Amino acid sequence: MKVLLMGNPNVGKSVVFSRLTGTSVTSSNYAGTTVEYKQGLFKHDGKNIELIDVPGTYTLDPTNKAEEVAVEMLKEGDIVYNIIDATNLERNLNLTLQLLEEDIPVVVLLNMWDETKHKGINIDLEKLREKLKVPVIPTVATTGNGLREALDYIDYREIKDFDRLTSDQRWVEIGHIINAVQEIKPKHHSGKELLEEYTLKPWSGIPIAAGVLYLVFIVIRFIGEGLIGYIAEPFFAGPYYNLLMRISSLLNEGSFLHDLFIGQLVNGQIDFEQSFGLLTTGIFIPFAAVLPYIVSFYFVLSILEDSGYLPRLAVLVDNLMHKVGLHGFSIIPMILGFGCNVPAALAARNLDSKREQFIASTLMSISIPCMAQTAMIIGLVGAFGGIYIFYVFASLFVVWIIVGLLLNYFLPGYSSDLLLEIPTLRTPVFKVVLKKLWMRIVNFLKEAIPFVLLGVLAVNAMYALGFFDLLTRFIGPIFAKLFGLPKEVISALLMGFLRKDLAMGMLAPLNLTVKQLVISSTILTIYFPCVATFIVLFRELGLKNMIKSAGVMIITAVTVGTILNLGFNSIFGIIITLFSIFILIMILYRMTGKKHQRLME
Amino acid sequence: MKNRLISLSHLKEGERGIVTDFRGGEKLRKKLDSLGIRKGKSVKKISDMVLRGPITIKIENSSRIAIGRGMAEKIMVRLENHR
Ligand SMILES: Nc1nc2c(ncn2[C@@H]2O[C@H](COP(=O)(O)OP(=O)(O)OP(=O)(O)O)[C@@H](O)[C@H]2O)c(=O)[nH]1
């Protein structure tokens, strides 16, 4: 039996879903779309029930992709549990009436029932049932109140006869219902409401956002490092290492199987970062280096999501994001990228269009260094003074803007205006956060790990075939000329394809000048993401777009390296360079603005 | 002065207006309608993001909605007296 949870966004669907289902939940994309939905199984009265968390919908007359998907899903369900927000009855009833007109049984869950009281809202349940002619159950999803009662109606199969109304007629009808069942006593602004508004106003919202983001990074770092230091590393250095050494001696160093599974021994030892075997480097990278950060990132992200803060952040940055062809919500993959580029590349799929996904993924991989790399930049470049760290990040930010403006200008289409409901701020429900975290981790393991293994295998093969040596010989001279870097840096770049932080480490013994260090850390960020991200991108974007994206990466890396090297030579050169960059940004800014206007008309 | 129509983006922070007209196509009207923004609704402007960013309004007895500047310019309201 298929049960559909339907309702406006932010009414508590996810909480109901988490309460009713166990661990057998999956989140997937609806065929051929970027729309994600959740699916879970549970048993009730000995029956197997499939519960579907349909994407939030305001109307069945679709105004976007998510709503189109919702309408499609409606055809497959046996019953709809329509979840409505009791504190926003009027608007929520619009969807309810539309559902009642459809050919499917409907049970209404009047959620957020606990919040009606202190908002001064009084709803006459009996009258509402009378008007809607279907079961109406008050619920508090966060505590689970009313959900058991709701399940009693799972075999409800009555379909009431409602005339199809036009949108205007429907609002009139809703007006009648509201007048009959609802009473609202006006209340004064509460402290919480004030806070909710302050997070949206520019002069208070921007400092709050900066504070929140700062806190987010601190917490993510803390949890991530904790997981690595106390769980991942001890495990890999201890039992797992011993097991692999055992396997290594069984397979005999140098044999084909040994090369494949264990890889090369370094001084007779397995080196998880340099051996390149499937069981060594192939397992180590996803599990020990990436997974801990993914766990901590997704944990914090789920909390942010459930607290209702993210849409506020989206409003604050929407303007900037529009300039590079994105939306306020694309700030999420960008933030994720600072932790690890892999989940960021995965998150970009939830953006509105393929165009936005492409721009967001490309920009993210080009100019956002992951946490591990950032730490190394701070350590290595920062040794010469904080200002040099600033140079690196300022360069990356300028690159982000210019490449973004260019992509926005040259890719067909534009990003439409923001239209977004801002939910109230709430304390997250721990159980929901954990469930979201669980689903995301499972997803990551399922989707990313096979590709990371594939990547390690590919790097392995390229080493064996002498491809990298060839590359070094070929691009070495270009390096020296354009970037003013010794050719040893190339091996660091190649390493960077695997792990950026280790690549940074390889720069340390080269005795580079601080300028060379700034240049090499900047291009090390830009030229390519690490192999794990690269392969996820490949999968998400498809071959054609991946080639385009990689093209943008290489061109940008070469251009930026050259400008940093040749443009910042003398005071005179610096002034000219900065001035040209400024002019370039202004021109691009005007051009994209004009394009936007042209397309709007 | 009082009865003049102004666009939502010209409303000042804290001011209320009654939605009276849409200067856009049917698609825009439909989108706004589903979010509860329709003729006759009273809305209050909460914030106006710097540099022509989105504006945020609160619909009476309903939710807060952020609207991109271009769209907000197409929503016409009649200024309401303070209560
Ligand atoms: N006070 C109260 N809060 C609730 C209740 N149900 C859900 N919430 C909170 O409301 C917020 C939104 O709930 P979600 O379950 O994420 O909403 P959703 O309908 O799944 O939203 P989308 O995923 O955007 O479609 C969360 O912060 C919940 O903790 C309730 O009955 N009472």
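Quick caveat, the model's predicted, so the values are computed rather than measured. Numbered from 1 within each chain, the chains take letters A, B, ... in sequence-line order. All values below were derived from every heavy atom in this structure, side-chain atoms included, with hydrogens, water molecules and symmetry-related copies excluded.
Only the side chain of A:Ser167 comes within less than 4.5 Å of a heavy atom of chain B; its backbone N, CA, C and O stay farther away. Only the side chain of B:Thr56 has a heavy atom closer than 4.5 Å to any heavy atom of chain A. Heavy-atom distances place the backbone of B:Asp48, and not its side chain, under 4.5 Å from chain A. Residue A:Asp61 touches chain B through both its backbone and its side chain, counting heavy-atom pairs closer than 4.5 Å. With a 4.5 Å cut-off on non-hydrogen atoms, A:Leu419 touches chain B through its backbone and its side chain both. Within the 4.5 angstrom heavy-atom criterion, only side-chain atoms of B:Lys74, from C-beta onward, approach chain A. For a residue to count as touching a neighbouring chain, one of its non-hydrogen atoms must lie under 4.5 Å from one of that chain's; by this rule A:Glu90 touches chain B with the side chain only. Interface remark: A:Gln98 contributes no atoms to any contact with chain B (heavy atom separation under 4.5 Å). Proximity to chain A (any heavy atom under 4.5 Å) is restricted, for B:Lys41, to the side chain, taken from C-beta onward.
Between A:Lys201 and B:Glu13 a salt bridge is recorded (basic side-chain N to carboxylate O distance below 4.0 Å).
Shown here are the side-chain contact (heavy atoms from CB on, under 4.5 Å) partners of A:Ser14, two or more places apart in sequence or in another chain: A:Lys38, A:Asp53. Residues satisfying the side-chain contact (heavy atoms from CB on, under 4.5 Å) criterion with A:Pro62, sequence neighbours excluded, are A:Glu67, A:Glu68, A:Val71. Qualifying ring pair (Phe, Tyr, Trp, His ring centres under 6.0 Å) partners for A:Tyr198, counting only residues two or more places apart in sequence or in other chains: A:Trp203.
By number of non-hydrogen pairs under 4.5 angstrom with chain A, the leading residue of B:Leu32, B:Leu35, B:Ile67 is B:Leu35. Most heavy-atom pairs under 4.5 Å with chain B: of the set A:Glu196, A:Arg312, A:Lys119, this distinction falls to A:Glu196. Chain A forms the most heavy-atom pairs under 4.5 Å with one residue out of B:Lys31, B:Arg38, B:Lys27, and that residue is B:Arg38. Interface summary for chain A: among B:Asn61, B:Ile59, B:Ile37, B:Ile55, the most heavy-atom pairs under 4.5 angstrom belong to B:Asn61.
Across all their heavy atoms, A:Arg91 and B:Gly36 have their closest contact at CD-N, 3.8 Å. Among all heavy-atom pairs drawn from B:Pro54 and A:Val315, the shortest one is CG-O, 3.5 Å.
Residues of residues 18-25 of chain B placed with any heavy atom under 4.5 Å of a heavy atom in chain A are absent; none qualify.
Inter-residue side-chain proximity for A:Leu418 and B:Arg69 is flagged as unmet; no heavy-atom pair is nearer than 4.5 Å.
Applying the 6.0 Å contact sphere to CD of A:Gln169 captures more than 12 heavy atoms from other residues, nucleotides or ligands.
A:Asp417 places a side-chain N or O within donor-acceptor distance of the main-chain N or O of B:Met71, the cut-off being under 3.5 Å.
Within the model, atoms OG of B:Ser47 and CD1 of A:Ile422 stand 8.5 Å from one another, a figure rounded to the nearest 0.5 Å. Taken to the nearest 0.5 Å, the OH atom of A:Tyr58 stands 13.0 Å off from the CG atom of B:Asp33. Considering NZ of B:Lys58 and CD of A:Glu197, their distance stands at 8.5 Å, rounded to 0.5 Å.
Of the candidates A:Asn319, A:Leu200, A:Leu316, B:Met49 forms a side chain to side chain contact (heavy atoms under 4.5 Å, CB included) with just one, namely A:Leu316.
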